[in-house]
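On a predicted model such as this, the values are computed, not experimentally measured, just so you know.
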Amino acid sequence: MLARSMVALVFALVCGFLASAAVAQDTPGDPAIAEDRDGKYFDADGTPTFKFENGEVDWYTFSGYRRYHAACHVCHGPDGLGSSYAPALAHSLERLDYAHFLAVVAGGRENVSSSQKNVMPSFGTNPNVMCYIDDIYVYLRARAQGDLPRGRPPKKEKKPESFMKAENDCLGT
Ligand code: HEC
């Protein structure tokens, strides 16, 4: 079951960010943390970012690691390293900003120019992806911009209260 609030949220997110992306840069900025909202971290642009200190990641980055490997790695390879079918997202996020990332994941994309037809499916109505899209983003951002090593992060911050609330609201549970 898809919670209606989630659809509205995703729609607003994508529209809002696409609108701002028209004027803003389209490469991710400095990933340094400017703000900590109950264990969810944001950079100076207000874009979600990761925390990776002394081998420990924030909860969202850890959650993103799990969600990525549940939904994306079949095509994009383990640890965001890519495959013969789909690009290495650990490198894509060196140049792809948050708005474009959201737009591709929500809307999908089809490569029609190559002889091989590679399809990025649309996940816009999939709560198991869209409810965790910031998590997946910060995980891949940590791989692209934060020297996060391959594999399951061994240490993580504890799960924030606000994560559980947002998760329940989004999934409609
Ligand atoms: C069925 C295979 C498949 C799955 C599953 C998949 N993707 Fe993709 N994805 C692709 C292909 C193929 C492309 C390249 C499309 C193109 O060339 O236009 C792509 C492109 C992308 C891009 C653009 C990359 C760039 O360098 O411009 C992003 C971002 C992306 N995928 C994110 C995700 C995320 C996040 C998930 C998991 C929620 C995911 N994908 C799951 C096949 C897949």
In one Ile/Leu/Val/Met/Phe/Trp/Tyr side-chain cluster, 4.5 Å: V104, L93: yes
Interatomic spacing from CD in E53 to CD1 in I33 - rounded to 0.5 Å: 6.0 Å
K40 side chain near F163 side chain, heavy-atom distance below 4.5 Å: no
Contacts of H73 that satisfy ring pair (Phe, Tyr, Trp, His ring centres under 6.0 Å) - sequence neighbours left out: H69
Partner set under ring pair (Phe, Tyr, Trp, His ring centres under 6.0 Å) for F62, not counting sequence neighbours: W59
Where P153 and V57 come nearest, the two heavy atoms and their spacing: CB-CG2, 3.7 Å
Side-chain heavy atoms of S162 within contact of R37, under 4.5 Å: no
Student check: side-chain heavy atoms of C72 and F123 closer than 4.5 Å: no
Distance-minimising heavy-atom pair for R143 and L148: NH1-O, 2.6 Å
Passing candidate, ring pair (Phe, Tyr, Trp, His ring centres under 6.0 Å) with Y139, options Y132, Y68, Y60, F50: Y68
Check: G77 main-chain N/O paired with S83 side-chain donor or acceptor under 3.5 Å: no
Nearest heavy atoms of A142 and T61, plus distance in Å: CB-CG2, 4.2 Å
A32 versus T49, closest heavy-atom pair with distance: O-CG2, 4.4 Å
Greater than 12 external heavy atoms within 6.0 Å of K159's NZ: yes
Set of residues satisfying side chain to side chain contact (heavy atoms under 4.5 Å, CB included) with respect to E157, sequence neighbours excluded: Y41, K51, E56, D58
Check: K156 side chain, S63 main-chain N or O, donor-acceptor pair, under 3.5 Å: no
Heavy-atom pair with the smallest gap, counting every atom of P28 and R141: CB-NH2, 4.3 Å
Shortest non-hydrogen contact between V105 and M130, atoms and distance: CG1-SD, 4.3 Å
Euclidean distance, D30 CG relative to T47 OG1, rounded to 0.5 Å: 11.0 Å
Side-chain heavy atoms of P87 within contact of H76, under 4.5 Å: yes
Remaining members of the apolar cluster that contains L81, side-chain heavy atoms under 4.5 Å: none
Evaluation steps, salt bridge (charged side-chain N to carboxylate O under 4.0 Å, His left out), between K165 and D38: CA-CA 12 Å; K165 188 181 177 313; D38 189 28; over 6 Å; no
Common cluster, M120/L89, ILVMFWY with side-chain heavy-atom separation under 4.5 Å: yes
Residue list, ring pair (Phe, Tyr, Trp, His ring centres under 6.0 Å) with Y137, at least two apart or on another chain: Y98, F101
Qualifying salt bridge (Lys or Arg N to Asp or Glu O under 4.0 Å) pairs with a residue from residues 61-89, counting only residues at least two apart or across chains: D79-R150
